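Owing to the predicted nature of the structure, the values given are computational and were not obtained by experimental measurement. Residue numbers count from 1 along this sequence.
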Amino acid sequence: MKSCLCVLLVLVSLFISLWEALLHTLLLLSLSFCSALEIPHFFCELAQVLRLACSDTFINNILIYFAALMFGGLPLSVIIFSYIHIVSSVLRMPSSEGKHKAFSTCGSHLSVVSLFYGTSFGVYISSAVTDSSRKAAVASVMYTVVPQMLNPFIYSLRNRDMKESFRMLTGQTTSLL
């Protein structure tokens, strides 16, 4: 990938993120809030702020669902589509060793993507179903902290030295990774 394309992708991603955050912030400014309210989270999550509003949040909710569809559903569908093509290409490989190597390379990426999308989906489903602030806070930590924390570990499991250290740590002699 050329460096100018990489810079362009980063700038487009930054611009879209800033634009969406600005739009949500401007819509939040039009809402009225009751006094003496507290958000039981370690960060100010949009869904929790909307719950505290005393005015109608219909437009805000529509924007949240639209943004979730565009910035979550669309990338997820592209990832699923690409993995379908990758799996079909790998299954057509003649050697089983090549198949194993290809699947182990894709496995770490797929585990990180599954962890991120699974926990973020769980956060928004749990916030719609339950009113428990403790459960919502735990779910928020799961999707904001855990995938980013595990990302280097998961990708390092592809390294032979890390695999051997992990086997020694767990006391296993057979190759599980």
4.5 Å side-chain heavy-atom contact, [X] and [Y]:
{"X": "H24", "Y": "L63", "answer": "yes"}
{"X": "L22", "Y": "L18", "answer": "no"}
{"X": "L28", "Y": "L31", "answer": "yes"}

Give, for atom [atom1] of [X] and atom [atom2] of [Y], the distance between the pair rounded to the nearest 0.5 Å.
{"X": "L69", "Y": "I64", "atom1": "CG", "atom2": "CD1", "value": "13.5 Å"}
{"X": "L8", "Y": "K2", "atom1": "CG", "atom2": "NZ", "value": "13.0 Å"}
{"X": "S89", "Y": "I84", "atom1": "OG", "atom2": "CD1", "value": "12.0 Å"}
{"X": "L46", "Y": "L27", "atom1": "CG", "atom2": "CG", "value": "9.5 Å"}

Side-chain heavy atoms under 4.5 angstrom apart, residues restricted to Ile, Leu, Val, Met, Phe, Trp, Tyr: same cluster for [X] and [Y]?
{"X": "L26", "Y": "I16", "value": "no"}
{"X": "W19", "Y": "I59", "value": "yes"}
{"X": "L23", "Y": "M70", "value": "no"}
{"X": "L110", "Y": "Y117", "value": "yes"}

S95 side chain vs G98 backbone, donor-acceptor pair below 3.5 Å: yes
Sub-3.5 Å donor-acceptor pair from the side chain of S55 to the main-chain atoms of S32, do we have one?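 Side chain of S55 to backbone of S32, a donor-acceptor pair under 3.5 Å: yes, one is there.
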Qualifying ring-ring contact (aromatic ring centres under 6.0 Å, His included) pairs with a residue from residues 66-86, counting only residues at least two apart or across chains: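 Non-adjacent pairs meeting ring-ring contact (aromatic ring centres under 6.0 Å, His included): F81-H85, Y83-H109.
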For K99 and M93, the nearest pair of non-hydrogen atoms, with its separation, is CE-O, 2.9 Å
